[in-house]
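Structure first, commentary second.
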Amino acid sequence: MRFLAWLLVLVLVALGGVLGALTLGVFASLVSDAPLWLRSLGSLEATISGSLGALSITGFRRALILAVLTSAVLGLAAYIKPRA
């Protein structure tokens, strides 16, 4: 059981990292002076949002939703982490 909990924690941390990168990309795509690699992450998120049908939501709101989702996923990973 402990092994499965650690495996779930690792999966949630990886998912949180991906969501965090996409969140950073969306915030960067809102600014014209952001580096190209960050804006390309925002373009990737826009493609994913388009396939999910969420492009009607503004970029700033999508970024806020992603930030809250990232926090929730990483908080869940910290909560599930097995303790001694």
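Quantities reported herein were computed from a predicted structural model and do not represent experimental measurements. The chain is numbered in sequence order, starting from 1.
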Distance check, rounded to the nearest 0.5 Å: [X] atom [atom1] versus [Y] atom [atom2]?
{"X": "Arg39", "Y": "Leu30", "atom1": "CZ", "atom2": "CG", "value": "12.0 Å"}
{"X": "Leu15", "Y": "Leu10", "atom1": "CG", "atom2": "CG", "value": "12.5 Å"}
{"X": "Ser29", "Y": "Leu41", "atom1": "OG", "atom2": "CG", "value": "9.5 Å"}
{"X": "Leu74", "Y": "Leu69", "atom1": "CG", "atom2": "CG", "value": "9.5 Å"}
{"X": "Ile48", "Y": "Leu66", "atom1": "CD1", "atom2": "CG", "value": "9.0 Å"}
{"X": "Leu12", "Y": "Leu76", "atom1": "CG", "atom2": "CG", "value": "5.0 Å"}

message: Using a 3.5 Å distance criterion without hydrogens, assess whether the side chain of Arg83 forms a donor-acceptor pair with backbone atoms of Lys81.
response: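 Here the side-chain-to-backbone pair exists.
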- prompt: Under 3.5 Å, side chain of Ser40 to main-chain N/O of Trp37, donor-acceptor pair present?
  reply: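 Side chain of Ser40 to backbone of Trp37: a pair is present.
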Can you find a pair of side-chain heavy atoms, one from [X] and one from [Y], that are under 4.5 Å apart?
{"X": "Val9", "Y": "Pro82", "answer": "yes"}
{"X": "Leu55", "Y": "Arg62", "answer": "yes"}
{"X": "Leu64", "Y": "Phe27", "answer": "yes"}
{"X": "Leu22", "Y": "Leu44", "answer": "yes"}

- request: Over all heavy atoms of both residues, which pair between Ala77 and Val13 is shortest? Give the atoms and the distance, please.
  value: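 In this case the closest contact between Ala77 and Val13 is CB-CG2, 4.0 Å.
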message: Ignoring hydrogens, what is the shortest heavy-atom contact between Ala28 and Leu38? Give both atom names and the distance.
response: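 Shortest heavy-atom separation between Ala28 and Leu38 comes out as CB-CB, 3.5 Å.
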task: Give the cluster check for Leu52 versus Val18: same hydrophobic cluster or not, with ILVMFWY residues linked at side-chain heavy-atom distances below 4.5 Å.
output: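 Per the 4.5 Å side-chain linkage, Leu52 and Val18 are co-clustered.
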